[in-house]
Amino acid sequence: VDGTRDGIWDWPDISKDEEYWSPQWKALLGYEDHEIEASASTFFSMLHLDDQPRVEQELGRCIRDGTLFDMEYRLRNKSGEYLWFEAKGNLTSAETTGVRRMTGSITDIQARKEGELSMERAMDRLTQSNEELERFAYVASHDLQEPLRMVTNFTGLLAARYRGQLDDKATQYIDIATNAAKRMQMLIQDLLSYARLKGDAGLSDTVDCSKALVYALDNLYAQVNARKAVVTHGDLPIITSNRVRFASLLQNLIGNAIKYCRLEVTPTIHIAAEEQEGEWIFSVRDNGIGIKPEYCEQIFVPFKRLHTKEEYEGTGIGLAMCRKIVVSFGGRIWVESREGWGSTFYFTVSRDMEPMKTEEAA
């Protein structure tokens, strides 16, 4: 008892008020050994008002069921400040008299609680900052659309009206401005789509993954047909997810697999799913150009491009959207690849999610 830094307490007969608190128990609350009386009633008078119902309920349950007492609560110290403690207790009964006794300890966890509170506040600030950033991205992108549309329209008018009347250098400048405006328009549209994706998946549906794949391929019809791509799949499950986001996820991954495939090679993509430890692991395997290992994490960063716009068009937002969608499902996404040997993208979806029923859904 003297050697431990924890406080030791003993309630020799739970039908009576008298208790024993070790000197260290009292010291944790700023008292000298002689300054405070050890009793059940004194203990409850020191408990924070918000914690009293919890402690009474848990203590009653432990006495009734003979189970261990283990919980966290706040006690008022000598200066009137409430501090957090973790308490543990064990109930025993004397064989001869039947008297029930509870003995245990308390540990000061104030520093840990302050750390948890600081972390919660930091997470709240981060969430608020992310929401503000998403709102800014949405508003900024939305407001940029109109002036950019005017630039695109007028450069198009210049090209149409003065084609053949200007020298080659002027025509080249107009083409550069027109192409730059079109790329900017595509970038803004992708940024808007990214900003619209909230942190959670919203309403959860029962999703037939095979039907979601068909929907994704219908949206990719022109791209698949132009490259004569071959898309196959194994047995795909019915899961609880967000139907629209799941189809968008497949569409992005398959579209990337087709785009990043050498022109002389027929794109071949296979989608599969495997159940493991309470989650579905989906894979999208391709025979594309592959990715260097050092870039396998970077490709999920918004606007991160590994190739020039002349080699492959795009804005570098597609895989960032994929990651944001998967995170909204509570899952994770990664890629395994070798340059020149294709890539396999993996993502997970929990199989234990329950569909959310709302009046709107009904």
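When a residue number appears, it is its place in the shown sequence, counting from 1.
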Single-linkage hydrophobic cluster Leu28~Met46, side-chain heavy atoms < 4.5 angstrom: yes
With sequence neighbours excluded, tell me which residues meet side chain to side chain donor-acceptor pair (under 3.5 Å) with Ser39. Ser41, Thr42
Between Ile14 and Ile63, is the side chain to side chain contact (heavy atoms under 4.5 Å, CB included) condition met? List the steps. CA-CA 9 Å; Ile14 62 172; Ile63 292 173; 3.6 Å; yes
List the steps and the verdict of side chain to side chain contact (heavy atoms under 4.5 Å, CB included) for Leu83 and Glu81. CA-CA 6 Å; Leu83 304 177; Glu81 180 185 6; 3.8 Å; yes
State plainly whether one hydrophobic cluster holds both Tyr346 and Val284, where clusters connect Ile, Leu, Val, Met, Phe, Trp and Tyr through side-chain heavy atoms under 4.5 angstrom apart. no
Going through the distances and angles, do Ile333 and Cys322 end up as a side chain to side chain contact (heavy atoms under 4.5 Å, CB included)? CA-CA 8 Å; Ile333 185 170; Cys322 289; 4.1 Å; yes
If a pair satisfies salt bridge (charged side-chain N to carboxylate O under 4.0 Å, His left out) and one of its residues is in residues 207-232, list it, with sequence neighbours excluded. none
Would a distance-only check, ignoring hydrogens and angles, find a side-chain to backbone donor-acceptor pair under 3.5 Å from Thr344 to Arg285? no
Check ring pair (Phe, Tyr, Trp, His ring centres under 6.0 Å) between Phe69 and all other residues, then give those that pass, not counting sequence neighbours. none
Around atom CH2 of Trp341, are there more than 12 heavy atoms from other residues, nucleotides or ligands closer than 6.0 Å? no
Residue pair Glu114 / Gln110, side-chain donor-acceptor N/O under 3.5 Å: yes
Please indicate whether Gln57 has more than 12 foreign heavy atoms, meaning atoms of other residues, nucleotides or ligands, lying under 6.0 Å from its CD. no
For the backbone of Gly98 and the side chain of Ser93, can you confirm whether one donor and one acceptor N or O come within less than 3.5 Å of each other? no
Transitive ILVMFWY cluster of Val230 at side-chain heavy atoms under 4.5 Å: who else is in it? none
So, using ring pair (Phe, Tyr, Trp, His ring centres under 6.0 Å) as the criterion, who are the partners of Tyr73 when residues are at least two apart? Phe43
Please enumerate all residues that pass side-chain contact (heavy atoms from CB on, under 4.5 Å) together with Tyr82, with sequence neighbours excluded. His48, Arg74, Arg76
Given 3.5 Å as the limit, does a donor-acceptor pair link the side chain of Ser118 with the main chain of Gly115, or not? no
Keeping Asn252 on the side-chain end and Ser248 on the backbone end, is there a donor-acceptor pair under 3.5 Å? yes
Establish whether Met71 and Trp84 are linked, either directly or via other cluster members, by ILVMFWY side-chain heavy-atom contacts under 4.5 Å. no
For the residue pair Asn90 and Thr103, confirm or rule out a side-chain donor-acceptor distance under 3.5 Å. no
Please say whether more than 12 non-hydrogen atoms of neighbouring residues, nucleotides or ligands are located less than 6.0 Å from CD in Glu35. yes
Scan residues 7-25 for pairs that pass salt bridge (charged side-chain N to carboxylate O under 4.0 Å, His left out), counting only residues two or more places apart or in two chains. Asp10-Arg101
Can we say Arg121 and Asp124 salt-bridge, meaning some charged N sits less than 4.0 Å from an Asp/Glu carboxylate O? no
Do we see a donor-acceptor contact under 3.5 Å between the side chains of Thr67 and Asp65? no
When you measure from the side chain of Asn287 to the backbone of Thr268, do you find a donor-acceptor pair of N or O atoms at a distance under 3.5 Å? yes
Kindly write out the residues that satisfy side chain to side chain donor-acceptor pair (under 3.5 Å) with Arg112, not counting sequence neighbours, or none if the list is empty. Glu72, Glu116
Members besides Met150 in its Ile/Leu/Val/Met/Phe/Trp/Tyr cluster (side-chain heavy atoms under 4.5 Å): Phe154, Leu157
Output all residues satisfying side chain to side chain donor-acceptor pair (under 3.5 Å) with Thr232, sequence neighbours left out; order by chain, then residue number. His270
Can you confirm if the aromatic rings of Phe282 and Phe246 lie within a centre distance of less than 6.0 Å? yes
Would you find a donor on one side and an acceptor on the other, under 3.5 Å apart, between the side chain of Glu274 and the backbone of Trp280? no
Salt bridge (charged side-chain N to carboxylate O under 4.0 Å, His left out): which pairs involve residues 332-343, sequence neighbours left out? Glu279-Arg332
Output all residues satisfying ring pair (Phe, Tyr, Trp, His ring centres under 6.0 Å) with Trp21, sequence neighbours left out; order by chain, then residue number. Trp25
May I ask whether Leu75 and Ile36 are part of the same hydrophobic cluster, defined by side-chain heavy atoms of I, L, V, M, F, W, Y residues being less than 4.5 angstrom apart, directly or through others? yes
Any chance OH of Tyr173 has more than 12 other-residue heavy atoms, nucleotides or ligands included, within less than 6.0 Å? no
Do other residues, nucleotides or ligands put more than 12 heavy atoms under 6.0 Å from Asp168 CG? no
